[in-house]
Amino acid sequence: MKYILENDRFRVTLESMGAEIKSVWDKERGLECMWSGDPAYWGKTAPFLFPFIGKLEKGRFLFQGKPYLAEKHGFGQRVEYQVAEQTDQSICFRFRDTEATRATYPFSFVLEIDYVLQPEGIREEWRVKNTGEGAMYFSLGGHAAFACPPGGEGSSGSRVGQRIKLQGVDPDAELYSLRINEKGVITEELLPVQLENGSFPITEELFAGDALIFDKEGITAAGLCDGQGREYARVECDAPVWGIWSHPDSGAGYVCLEPWYGICDYTGYEGELAERPHTQTVMPGETWTGGNRMIFWTDKDN
């Protein structure tokens with residue numbers, strides 16, 4: 001079911017299946033901020049990743065020595081959420097574990113995702129409450145696809161010539177992206193990414209090897225800029241890992257800016273779920289909290 005949030009500047013459409021943002025329409029500029037979801041490239045817009053990020057080695061994890069199958073990015077994007085609360089400018093989606101989820105992920109929990117409209121964008125809040133009797137282990141993160149370049153409703157175009165801007169790091173640093181293989185797990189290969197005044201260009205081949213993955217580089221925000229350096233979309237988050245991804249075809253008019261509290265498996269990983277890098281832990285009766293902010297066109301002169 002679709003839901004609408006609206007303030008003076010934005011009209012946001014959300015879908016209860018996956019608690020996914022489907023559209024952010026900027027009324028001031030007459031621009032759609034999100035990817036259109038064209039299935040010729042990628043049919044989603046902003047899936048929520050839970051309780052895993054990416055793929056796991058052999059498509060499964062170990063918990064207390066027992067193997068469980070795990071889908072890429074987990075089931076959080078494939079389930080129907082209930083609306084716990086709603087106002088004109090905010091909504092809270094809620095999902096509780098089910099018999100089906102416990103068969104492949106043996107934990108009891110309540111997951112809540114809040115979207116709150118603000119003058120410059122959207123604040124997104126995440127809560128994971130452990131309703132079971134033992135420690136709960138999980139990963140989660142965003143996967144929002146922003147229109148790149150920005151354009152009218154449903155439009156797309158070549159992203160080449162746009163730039164990706166990173167904050168929280170030396171603006172002229174050389175960063176290193178992890179790389180994943182054809183099985184979707186991390187290899188020992190590193191890709192150097194040279195920043196120039198805090199950003200680097202989107203080239204024809206940038207996503208030929210799948211996502212860029214920055215692990216513990218200190219990034220606090222990632223944004224998209226046009227050829228003149230004007231930032232038109234930004235995600236702010238203190239997540240330890242960032243993924244930046246798009247379809248390898250440069251005609252795909254989107255780029256995903258993804259803050260992750262978790263990471264896909266490394267090649268050959270055979271350890272327990274609790275020992276996976278960046279796995280989050282919440283104890284019985286307690287609630288883990290996180291979130292991010294999406295900001296659009298903050299410079300009024302743009």
Using the six-membered ring wherever Trp is involved, compare the ring planes of W126 and W288 and label them parallel, tilted or perpendicular (cut-offs 30° and 60°).
parallel
For P201 and L206, the nearest pair of non-hydrogen atoms, with its separation, is O-CD2, 4.0 Å
Out of R60, K55, R276, which residue meets the salt bridge (charged side-chain N to carboxylate O under 4.0 Å, His left out) rule with D265?
R276
Count the heavy atoms of every other residue, nucleotide or ligand shown that sit under 6.0 Å from NZ of K58, and state whether that count exceeds 12.
no
Tell me whether the rings of W42 and Y254 are parallel (<30°), tilted (30 to 60°) or perpendicular (>60°).
parallel
Salt bridge (charged side-chain N to carboxylate O under 4.0 Å, His left out): pairs with one or both residues in residues 235-259, sequence neighbours excluded:
R234-E236, E236-R293
Treating E120 as the side-chain partner and Q118 as the backbone partner, does any N or O pair qualify as donor plus acceptor under 3.5 Å?
no
Salt bridge between D114 and R127, side-chain N to carboxylate O under 4.0 Å?
yes
Minimum side-chain heavy-atom gap Y41-W35 below 4.5 Å:
yes
Does the side chain to side chain contact (heavy atoms under 4.5 Å, CB included) test come out yes or no for Y261 and S139, once each step is laid out?
CA-CA 6 Å; Y261 289 90; S139 299; 6.0 Å; no
Heavy-atom pair of closest approach, residues P192 and E174
CB-OE2, 3.7 Å
Quick one: sort the F75 and F109 rings into parallel, tilted or perpendicular, breaks at 30° and 60°.
parallel
Between Y266 and T187, is there a side-chain heavy-atom distance shorter than 4.5 Å?
no
Between E20 and K44, is a side chain to side chain contact (heavy atoms under 4.5 Å, CB included) present by the stated rule, with each step listed?
CA-CA 9 Å; E20 185 175 10; K44 293 185 176 292; 3.6 Å; yes
Indicate yes or no: does R9 engage D26 in a salt bridge with an N to O separation below 4.0 Å.
yes
Between S16 and A19 (side chain of the first, backbone of the second, donor and acceptor by atom type, cut-off under 3.5 Å), is there such a pair?
no
Treat each ILVMFWY residue as a node, draw an edge where side-chain heavy atoms are under 4.5 Å apart, and state whether F95 and V128 are in one component.
yes
Does atom CD of Q194 have more than 12 heavy-atom neighbours from other groups under 6.0 Å away?
yes
Does the side chain of L195 come within less than 4.5 Å of N197's, by heavy atoms?
no
Any donor-acceptor N/O pair, E32 side chain to V24 backbone, under 3.5 Å
yes
Quick test of your reading of the model: are K165 and E196 salt-bridged, counting only N-O distances below 4.0 Å?
no
Does any part of the side chain of Y137, heavy atoms only, come nearer than 4.5 Å to the side chain of Y105, both counted from C-beta?
no
Listing request: all salt bridge (charged side-chain N to carboxylate O under 4.0 Å, His left out) pairs with a residue in residues 82-98, at least two apart in sequence or in separate chains.
R94-E112, D97-R102
Restricting to non-hydrogen atoms, name the atom on T279 and the atom on L273 that form the minimum distance, rounded to 0.1 Å.
OG1-O, 3.5 Å
Testing the 3.5 Å rule here: is there a donor-acceptor pair between the side chains of R159 and S250?
no
Salt-bridge test for E6 and K27: reply yes if a basic N is under 4.0 Å from a carboxylate O, no otherwise.
yes
Can you find a pair of side-chain heavy atoms, one from F50 and one from F138, that are under 4.5 Å apart?
yes
Rounded distance (nearest 0.5 Å) linking atom CD of Q162 with atom SG of C148:
4.5 Å
Which class fits the ring pair F61 and Y68: parallel under 30°, tilted 30 to 60°, perpendicular over 60°?
parallel
Test item: I113 and Y81 side chains (from C-beta on) under 4.5 Å apart, heavy atoms
yes
Within a strict 4.5 Å, meaning less than it, do heavy atoms of the L31 and F296 side chains meet?
no
Are the aromatic ring centres of W242 and F214 under 6.0 angstrom apart?
no
Please answer whether the main-chain N or O of G74 pairs with a side-chain N or O of R78 as donor and acceptor at a distance below 3.5 Å.
yes
Would you please say whether a donor-acceptor pair under 3.5 Å links the side chains of Q167 and T220?
no
Atom pair CG (L5) and OG1 (T13), whose distance is rounded to the nearest 0.5 Å
8.5 Å
Side-chain contact test, heavy atoms from C-beta onward, threshold under 4.5 Å: evaluate it for M294 versus E124 and give yes or no.
yes
